[in-house]
Amino acid sequence: MSSGFPGGDSWVGRSTAKIPIQLQFQRMDGGGGGLLKRPLTEMERQQQQLQELYIRTVKQKIIQQTSPISPLSPIDFSAISPDVTTTNAVSSSSSSSCSTRQPVLYGHPNNGNHRFSISASPPPPTSVSPDLETKMKNRLQELERQLLNDDDDEDENQGGGTNNNGSSVVTSGSDWCETMQSLIAPIKPPSPSPTSSSSSISSTSTATARSLRQLLSDAASAISEGNRDAASAILGNLRRSANPRGDPEQRLASYMTSALLSRLSGQIAGSDDFIGSAECLIGTQMLYDASPCFKLGFLAANHVILEATKAQSKIHIVDFDIGRGRQYAALLHSLKQQRRPAPSSIRITAAVVSDLPQSSTPDGLKEVGNLLVGLGERLGVAVRFNVVRCRTSELDRKAIGCGGDDNDDEAVAVSFAYGLQKVADESVSTENPRDELLRRVKREIRPEVVVLMEQDLNTNTAPFAARFGEVMAHVGSVFESLDATMARENPDRARIEECLGRRSHNMVAAEGARRVWRCEVFGKWRARLGMAGFRPRPVEPGVAEWVRARLGSCRVNPGFTFKDDETGGLCFGWRDRVLTFASAWH
């Protein structure tokens with residue numbers, strides 16, 4: 001007879017062999033020979049004896065440690081049937097498609113012949129996913145192995161129902177309760193998870209889950225790879241999170257998203273008109289005045305010019321993008337404050353070269369000249385101002401008014417203040433106007449000193465995705481630095497950021513000749529100037545000390561940084577990123 005346990009047949013055979021059981025048989029025909037049959041009542045009685053013998057001799061597993069579910073503890077068996085036999089347990093196990101038998105819970109030996117098993121009546125049908133069903137089956141099988149793990153007599157005699165360390169082989173009470181509770185409790189269907197329209201944009205469901213800059217980079221990469229659907233989805237998400245009047249990151253996201261949308265659509269109208277407009281000029285000058293990284297660069301350049309020309313009584317400054325002339329207004333004030341005698345005259349020439357887009361209109365240049373001349377009169381410095389227009393190929397000393405009896409003793413200084421970044425190079429034109437302009441200045445004008453001020457980033461030859469990363473990092477740092485010097489509600493700050501946004505729009509969305517702002521890092525400018533014949537001019541130690549003192553006096557946030565480069569450059573930055581630099585050459 002099968003016991004229903006692993007190894008149960010042999011165990012029952014060994015136990016019942018010691019008990020004499022006599023079965024009485026009667027002949028069906030009343031004589032010898034023929035088929036023997038037991039009376040029905042006798043068969044029932046003998047079957048009952050075997051059942052009682054079997055139940056009494058089943059070795060119970062005793063939980064060695066205190067358990068919240070003990071054989072002597074009161075248990076609510078309302079959901080458990082005492083009449084379920086082993087056959088029923090096996091049949092219900094087969095109906096549930098399990099490969100092993102359903103677990104049976106036996107009562108205390110003193111409770112008679114009752115056996116308790118998990119009720120075979122199924123709960124109301126519930127919609128269960130295949131994964132949950134598999135998990136439930138595995139847990140049932142594990143529970144059966146823990147409950148019905150009948151070892152051989154030898155193993156139990158040695159271990160006494162415990163493992164080597166003395167702990168019970170049966171699961172602990174807390175684990176048992178948790179297992180039974182999870183099996184009896186109603187199954188809750190998993191909450192539906194949101195689905196995405198494309199696997200490539202599944203990580204962009206919310207802008208708050210990831211950095212806005214990371215989303216912007218993802219959008220730029222998608223555009224670079226030609227994945228327009230993914231880029232559109234990311235940009236649509238960014239538009240809901242960007243805010244031109246929010247914190248610096250939200251403001252950055254607003255302008256960068258607009259630039260990427262223009263790149264994606266191919267519509268960059270308005271970018272060309274912004275160059276040379278009044279909005280561009282005013283916003284640029286406000287940036288120069290508000291940011292120490294730009295303002296101190298101009299002041300350092302003025303000190304370099306005055307230091308290089310201090311032995312001369314006459315100074316001639318040629319500026320290739322004079323803007324609103326604020327740099328030279330500060331220079332005139334510096335001359336007044338110096339203890340040494342001021343030069344007898346200062347001539348300032350605004351050079352309008354065909355290859356270099358100008359920030360000022362002709363009327364604006366005239367206004368700048370009038371302001372500088374008037375300031376010189378008030379300060380007691382003789383100032384002359386003139387405008388020269390020519391092609392790069394026509395640029396020489398005669399074109400800018402050098403030479404002659406009155407101008408032979410002039411010390412010439414050339415200033416490139418954020419202007420060369422707008423001159424095309426070899427990547428745009430085979431004529432390479434950028435390098436040609438530098439060569440003409442060196443060969444034809446022969447200045448005492450050249451000062452170069454530029455933004456330190458590569459938006460010229462870098463591929464699109466890398467270029468976008470450069471623009472985003474640079475403009476983001478400028479936005480953060482403005483947050484340290486200007487209130488977010490300041491209307492001037494809004495104009496500055498709008499100007500930077502329009503520039504970024506051109507750097508990101510435009511290509512070819514339409515991309516005007518083509519910045520380069522300091523190392524690249526150093527190579528260009530070296531090929532043109534210039535050599536670095538070391539900055540006087542007093543200039544670097546003066547810059548540090550000024551930065552310390554105007555520093556409202558320790559995020560502003562200054563570094564004196566070994567090759568003659570003065571680098572200004574925000575935190576760990578260099579934003580601008582000023583350098584001297586001769």
Side-chain angles (χ1 to χ4, degrees), residues 284 287-305 307-308 319-321 323 326-327 330 413-423 425 434-435 437-438 441 449-462 467 470-471 473-478 480-482 500 503 507 517-532 534-552 554-555 559-586:
T284 300
L287 173 65
Y288 295 163
D289 294 339
S291 174
C293 296
F294 292 87
K295 186 175 184 177
L296 290 178
F298 281 110
L299 297 179
N302 287 342
H303 274 267
V304 170
I305 291 173
E307 187 68 26
D319 195 300
F320 284 87
D321 191 9
R326 295 285 187 90
Q327 175 183 356
V414 172
S415 176
F416 289 108
Y418 307 103
L420 282 178
Q421 62 185 0
K422 295 182 290 184
V423 180
D425 71 339
R434 181 174 293 188
D435 288 348
L437 178 58
L438 291 174
V441 169
V449 63
V450 172
V451 291
L452 173 68
M453 290 162 281
E454 286 291 346
Q455 301 178 82
D456 192 67
L457 74 159
N458 184 12
T459 64
N460 185 25
T461 57
R467 184 170 79 240
E470 283 276 288
V471 175
H474 181 88
V475 177
S477 296
V478 175
E480 290 178 7
S481 68
L482 290 175
L500 289 172
R503 287 188 183 188
M507 296 178 188
W517 275 280
R518 294 177 170 270
C519 304
E520 292 182 319
V521 296
F522 182 34
K524 188 63 177 291
W525 286 114
R526 188 164 52 234
R528 289 189 183 277
L529 287 161
M531 289 187 296
F534 289 101
R535 291 179 292 112
R537 181 186 178 93
V539 178
E540 296 291 333
V543 176
E545 294 174 3
W546 178 87
V547 170
R548 288 190 177 91
R550 286 297 299 264
L551 185 62
C554 70
R555 179 181 294 176
F560 291 106
T561 60
F562 168 73
K563 182 177 67 174
D564 185 4
D565 191 87
E566 298 177 355
T567 58
L570 304 177
C571 301
F572 305 89
W574 172 255
R575 300 192 187 280
D576 58 346
R577 183 176 183 87
V578 176
L579 298 180
T580 65
F581 66 88
S583 59
W585 304 82
H586 64 98

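Only this structure's heavy atoms are used, side chains among them; waters, hydrogens and symmetry mates stay out. FYI, the numbering just counts along the sequence from 1.
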Is any side-chain heavy atom of Phe572 less than 4.5 Å from a side-chain heavy atom of Leu551? no
Side chain to side chain, Asp564 and Leu570, heavy atoms closer than 4.5 Å: yes
Measuring only between side-chain heavy atoms, which start at C-beta, is Leu579 closer than 4.5 Å to His474? yes
Looking at CG of Asn460 and CE of Met507, how far apart are the two atoms once the value is rounded to the nearest 0.5 Å? 11.0 Å
Under the 3.5 angstrom rule, does the side chain of Glu470 hit a backbone N or O of Asn458 as a donor-acceptor pair? yes
At their closest point, which heavy atom of Gly573 faces which heavy atom of Cys293, and how far apart are they? O-SG, 3.6 Å
Taking only residues two or more places apart in sequence, or in another chain, which ones meet Phe320 in a ring pair (Phe, Tyr, Trp, His ring centres under 6.0 Å)? Phe416
Show me the donor-acceptor pairs, under 3.5 Å and distance only, between side chains in residues 539-546 and residues at least two apart or in other chains.
none

Trp517 side, atom CH2; Gln421 side, atom CD - distance, nearest 0.5 Å: 8.0 Å
When you compare the side chain of Met531 with that of Leu438, does any pair of heavy atoms fall below 4.5 Å? no
Do Arg434 side-chain atoms and Leu420 backbone N/O form a donor-acceptor pair below 3.5 Å? yes
Ignoring hydrogens and geometry, is there a side-chain-to-backbone donor-acceptor pair from Trp574 to Val478 under 3.5 Å? no
Heavy atoms from other residues, nucleotides or ligands near NZ of Lys422 exceed 12 (cutoff 6.0 Å): yes
